[in-house]
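Take a look at the structure set out below.
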Amino acid sequence: MPKSKKSEALPEVTPDVVAQHGLTVQEYKRIVDLIGRAPNFTELGIFSVMWSEHCSYKSSRPYLKQLPTEGPRVLQGPGENAGVVDIGDGQAVVFKIESHNHPSFIEPHQGAATGVGGIMRDIFTMGARPIALLNSLRFGDLSDPRTRYLLNGVVDGISSYGNCTGVPTVGGEIYFDACYNGNILVNAFCLGLVQTDKIFLAKAGGVGNPVIYVGAKTGRDGIHGASLLASSEFDETTEDKRPTVQVGDPFTEKLLIETCLELFKKDWVIGVQDMGAAGLTSSSFEMAGNSGTGIEFDLSQVPLREEGMTAYEILLSESQERMLFVVKKGHENEALAILDKWGLDGAVVGQVIESPVVRINYQGKEVVNLPISPVVEGALNLKRPKSKPQYLSEVQHLDLTELAEPPRGDEALIKLLGAPNISSKEWVYEQYDHMVRLNTLVLPGSDAAVMRIPDSSKAVALSVDCNSRYCYLDPFWGAQIAVAECARNIVCSGGTPIGLTNCLNFGNPEKPEIMWQFEQAVLGIAEACKFFDIPVVSGNVSLYNETKGKAIFPTPTVAVVGLLENLENHCTQWFKNSGDAIGLIGLTLEEISGSEYLKQMFERCQGKPPQLDKKQERSVQEFCLELIRGKWIQSAHDCSDGGMAVAAVESCITGPEKALGATLNLESTLRKDALLFGESQSRILISFAEGKGESIARMARKNEVPFAIIGRVGGSRFTVNINGDEFIHQEIQALKNIWKNLIGDYARQVS
Amino acid sequence: MKCGVVVFPGSNCDHDCYHILKHIFELDTEWVWHKDSADLDAFDFVVLPGGFSYGDYLRAGAISRFSPVMKAVVRYAQKGGKVLGICNGFQILVESGLLPGALMQNRWQKFICKPVFTRVESTDTPFTSLCRERPILRIPIAHHGGRYFAQEDTLKAMQDNQQIVLKYCEPGGTVSEASNPNGSMDNIAGVANEKKNVFGMMPHPERSADPLWPDQDGQLIFKSLIQSF
Amino acid sequence: MLAKIHVTYKKGVLDTQGQAVHHALTDLGYNEVKQVTVGKYMEVHLKGLSEENAKDRVREMCEKLLANTVIESYRYTLSPTE
Amino acid sequence: MLAKIHVTYKKGVLDTQGQAVHHALTDLGYNEVKQVTVGKYMEVHLKGLSEENAKDRVREMCEKLLANTVIESYRYTLSPTE
Ligand SMILES: Nc1ncnc2c1ncn2[C@@H]1O[C@H](COP(=O)(O)OP(=O)(O)O)[C@@H](O)[C@H]1O
Ligand SMILES: [Mg+2]
């Protein structure tokens with residue numbers, strides 16, 4: 001990697017230097033062909049980041065085309081900083097999810113913090129005020145001290161950044177599995193609110209208009225972070241890449257949010273782009289590229305934090321909390337005055353030009369002169385080979401007769417409630433300010449977060465989901481289940497799904513097996529989204545999540561946003577009253593494969609994921625919404641990890657008040673463990689005033705949805721009888737204690 | 001009745017306070033910008049909201065106390081003006097010397113956001129007079145540095161003068177180690193100055209004052225304040 | 001001039017961060033550790049001041065901003081900058 | 001033995017606190033301040049170790065826990081405890 005040198009002494013572009021920039025010989029030839037000459041060292045740096053997997057999507061782009069991205073509410077699909085979905089009355093929500101996996105593995109606190117900062121900028125760049133954050137986290141084995149160090153660092157980072165900026169972190173998910181030991185996943189989601197006539201895009205129109213740099217000063221942070229970190233696996237040399245870590249300053253971000261939102265009120269703002277991966281380079285090329293114009297700027301004007309920075313370093317720096325604005329000529333002083341009011345640095349660094357090139361001067365010399373389209377669109381679309389992985393035929397087979405059926409369910413229930421993937425995530429979300437701004441109607445701890453839309457009677461429900469074990473066993477069906485399950489979480493909270501964003505976390509795409517997994521997962525998301533009519537409006541791809549040849553489980557994380565026309569129709573997962581009846585919507589099959597139960601009790605990750613009958617799923621979701629909106633029910637909770645038994649206990653213990661007991665009386669010919677702990681899809685556990693049972697059953701028949709009344713809320717114990725025999729009998733408070741403290745207890749240990 | 005909500009760079013509960021005062025209590029509410037050092041005499045009371053003013057860098061409240069508006073707040077308080085500091089506002093009041101003691105990092109070094117119970121120890125203040133009947137309040141906290149500390153003699157003087165106004169407690173009102181979320185000395189959650197016209201508290205009353213939410217105990221703080229005129 | 005400033009908790013003020021670090025070190029097997037205190041260390045580069053002058057100015061900065069004298073004490077040294 | 005440990009950001013790493021303190025000092029009229037860095041200062045009391053031994057142990061503690069060597073560097077001195 002180049003050391004800081006004076007700009008006049010540019011290193012020569014040798015084959016070695018090309019390789020160090022992560023470009024292949026073929027790619028280098030293409031660059032020379034496209035621009036008609038050899039690039040200089042600085043220009044090579046630009047190509048290297050812009051053609052990196054992270055910025056160019058060269059392995060994934062053709063597949064992403066399969067995703068349904070349109071719908072009557074969609075105002076902006078993929079292609080901008082974030083997607084925009086209309087929620088009526090002149091308002092829209094803007095949202096996206098993005099990965100910060102590799103940086104978080106290297107420095108968990110800063111990696112996660114800057115991940116949150118980056119996704120927030122994607123949202124407010126569009127003119128929206130960020131109103132909610134979610135995050136989806138995957139760590140390795142919790143018994144490994146390294147995992148605990150990473151967990152503490154990541155949660156600290158998210159908490160420090162989100163809390164300081166005053167954007168509530170209202171939900172998320174955390175999974176632990178040994179497959180993430182060497183590659184944790186940190187996916188951050190942000191949602192913002194905008195007036196539909198005030199949406200801003202990354203445009204640089206109007207020849208002669210000034211380009212203004214806004215925000216933190218530029219230092220040597222993260223130079224080549226995006227390209228190198230996002231496109232190479234980890235190995236022993238990872239240590240050498242360490243000094244590229246960027247540090248976040250949430251205080252500056254908060255000022256940047258307020259500054260930008262104030263600027264956006266001015267009719268002289270033409271376009272804006274945040275400086276994310278590849279910093280000043282990608283933002284200027286993208287803005288000009290989007291408008292068919294060019295940009296000319298002078299790096300001597302860029303506010304710098306360090307002395308002696310070269311053009312190369314300034315252009316590729318990934319210093320955080322920076323944006324680029326284009327305003328109408330003559331308004332630059334007004335713009336700078338607003339920056340000054342908020343105490344931010346800023347400077348006019350260049351202007352829009354007619355010819356579609358980016359021309360950059362530094363210290364009186366032209367250092368870059370590149371046509372835009374080769375840089376922005378020139379990267380090859382790689383047709384990487386794919387093939388179905390060998391492991392599938394082995395793992396997909398599961399013979400239930402090999403698994404001894406337990407005589408009682410107490411032990412399994414206790415084990416499941418104390419398993420890191422099921423136990424309470426309170427230790428995590430207690431560290432996030434989830435209430436600031438007074439819009440969080442449903443706090444973390446229910447199926448989905450529900451946010452009131454300020455000054456309206458509407459609300460949005462937010463959830464993020466992916467069972468990567470299912471995706472490992474079958475990426476196509478696993479991805480479909482992720483969509484179905486996420487949508488089901490939204491429905492249980494009273495929302496109608498209106499849009500989806502996804503973050504595709506996979507291993508090394510140069511391996512045909514990984515490409516196959518990727519293709520299957522994208523097809524799965526596409527198929528499910530088409531069926532359920534949920535447009536995909538934004539997303540992100542993270543490849544090379546692989547260490548020493550060992551890839552993570554395919555993890556296509558999806559986040560679904562739902563709309564509640566009337567915020568009073570929100571619903572939570574916990575039981576409300578003693579004496580209420582408990583009902584189960586949906587059908588339980590004899591499915592154990594892929595379950596947390598199989599993992600905890602038999603230490604196996606095996607079989608095919610549970611079946612997903614999409615028609616049935618839709619009927620179940622529609623029925624649940626009908627019940628919520630008709631005020632028929634008191635609670636609704638999706639049955640997922642740990643099955644019906646865990647869902648029922650969670651409904652007993654997750655309320656803000658004292659835990660409530662419950663008794664389930666089940667009749668079934670299924671294996672008892674499958675009945676209680678199997679993870680059959682399309683099931684929702686509800687509770688309601690006893691007298692309403694008959695009407696609800698009648699409505700279920702009319703909707704052709706399986707439904708049964710299976711028990712009653714009350715008492716201080718959790719009891720399950722199957723065909724008249726007691727199968728589980730436990731003090732509910734004892735179950736709650738097991739469930740409640742596990743992650744915190746682990747996290748507090750150091751060694 | 002007219003009140004002001006001070007905005008520091010990094011304040012983030014400013015909108016929440018504004019919303020509660022303006023829309024729930026329908027008071028004439030105005031923003032006060034941190035660069036403003038003009039007299040605050042036109043206000044009946046002033047609120048210093050929560051957040052991370054100046055990023056909480058160095059120490060929470062350490063930098064904000066020097067902003068021009070704090071000169072005005074000090075003058076205002078010295079003349080008897082009523083000042084309510086919430087969370088970061090409390091930290092600023094302590095740093096500026098308007099309230100005794102100090103606020104340090106939480107016992108477990110982590111940010112904590114959750115509802116807690118507090119007991120009103122003194123209803124003889126303009127901020128708590130309506131809590132006589134209902135001395136136990138359920139109000140959320142959300143802070144990283146809420147561990148109250150004061151030197152022994154200071155604490156003694158505060159006790160004698162009934163300046164310790166709020167203490168963390170169990171739902172039933174018992175002040176116990178277990179109910180202390182951040183390691184505060186004596187479970188202290190809120191204190192007043194000698195004249196009782198300046199009050200700082202770590203819990204966020206504005207987060208439990210909107211009728212849309214089940215918890216509304218925070219209303220009592222604002223109602224007491226409004227009624228004190 | 002370069003001022004090197006140490007800010008530490010006064011006696012009697014519970015240093016929970018120090019305690020936490022102590023715990024962590026013990027957990028890691030460093031049983032020889034008997035006590036840990038955690039404070040702040042700041043370097044302030046000053047220009048164009050005589051040493052005498054600098055002394056007063058730095059003391060002032062500490063009193064006003066850098067330390068909270070209710071709970072912290074400070075000490076500093078001055079040295080010429082290279 | 002008493003180990004006095006200074007942990008500071010590596011060169012080039014954004015020191016947000018240092019920046020904020022610098023701004024604040026300038027606002028307070030200390031225009032002579034040219035740069036501020038903020039780091040940590042720890043004192044670790046050790047029992048029953050030879051100086052040679054202590055040196056290694058403290059270095060280990062710093063590497064493992066006390067400093068985040070990705071972005072911070074550390075230095076320390078050892079002295080006999082009174
Ligand atoms: N998996 C995906 N599904 C849908 N859209 C995607 C996906 N991955 C990326 N996109 C879209 O491609 C565009 C480029 O993404 P990205 O490079 O992450 O944006 P940025 O430049 O803000 O970092 C964005 O509009 C994003 O929404
Ligand atoms: Mg972007």
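What you see below is based on every heavy atom in this structure, not just the backbone, and it leaves out hydrogens, waters and symmetry mates. First the proteins, then the strands, lettered A, B, ... as listed; each starts at 1. Because the structure is a prediction, the values reported are computed rather than measured.
- Interface remark: of the candidates C:Val13, C:Ile71, C:Leu65, C:Leu65 forms the most heavy-atom pairs closer than 4.5 Å to chain B.
- The closest side-chain heavy-atom distance from C:Asn31 to C:Thr26 is below 4.5 Å.
- Contacts of B:Met185 with chain C are absent, with no heavy-atom separation under 4.5 Å from either backbone or side chain.
- Of the atoms belonging to B:Glu95, it is side-chain heavy atoms, and not backbone ones, that fall under 4.5 Å from chain C.
- The residues B:Lys196 and B:Asp124 are annotated as not salt-bridged, no charged nitrogen and carboxylate oxygen being separated by less than 4.0 angstrom.
- Of the atoms belonging to C:Lys64, heavy atoms from both backbone and side chain fall under 4.5 Å from chain B.
- Counting heavy atoms from C-beta outward, C:Val58 and C:Val44 have side chains that stay 4.5 Å or more apart.
- For the pair B:Asp153 and B:Lys156, the salt-bridge criterion is not met [side-chain N within less than 4.0 Å of a carboxylate O].
- Counting heavy-atom pairs closer than 4.5 Å to chain C, the top-ranked of the candidates B:Gln151, B:Arg65, B:Arg147 is B:Arg147.
- Residue C:Val7 does not touch chain B at all, counting heavy-atom pairs closer than 4.5 Å.
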For this session: Before giving the answer on side-chain contact (heavy atoms from CB on, under 4.5 Å), spell out for B:Gln159 and B:Leu155 the whole-Å C-alpha distance, their side-chain angles and the decisive distance to 0.1 Å.
Result: CA-CA 6 Å; B:Gln159 275 159 352; B:Leu155 198 67; 4.3 Å; yes
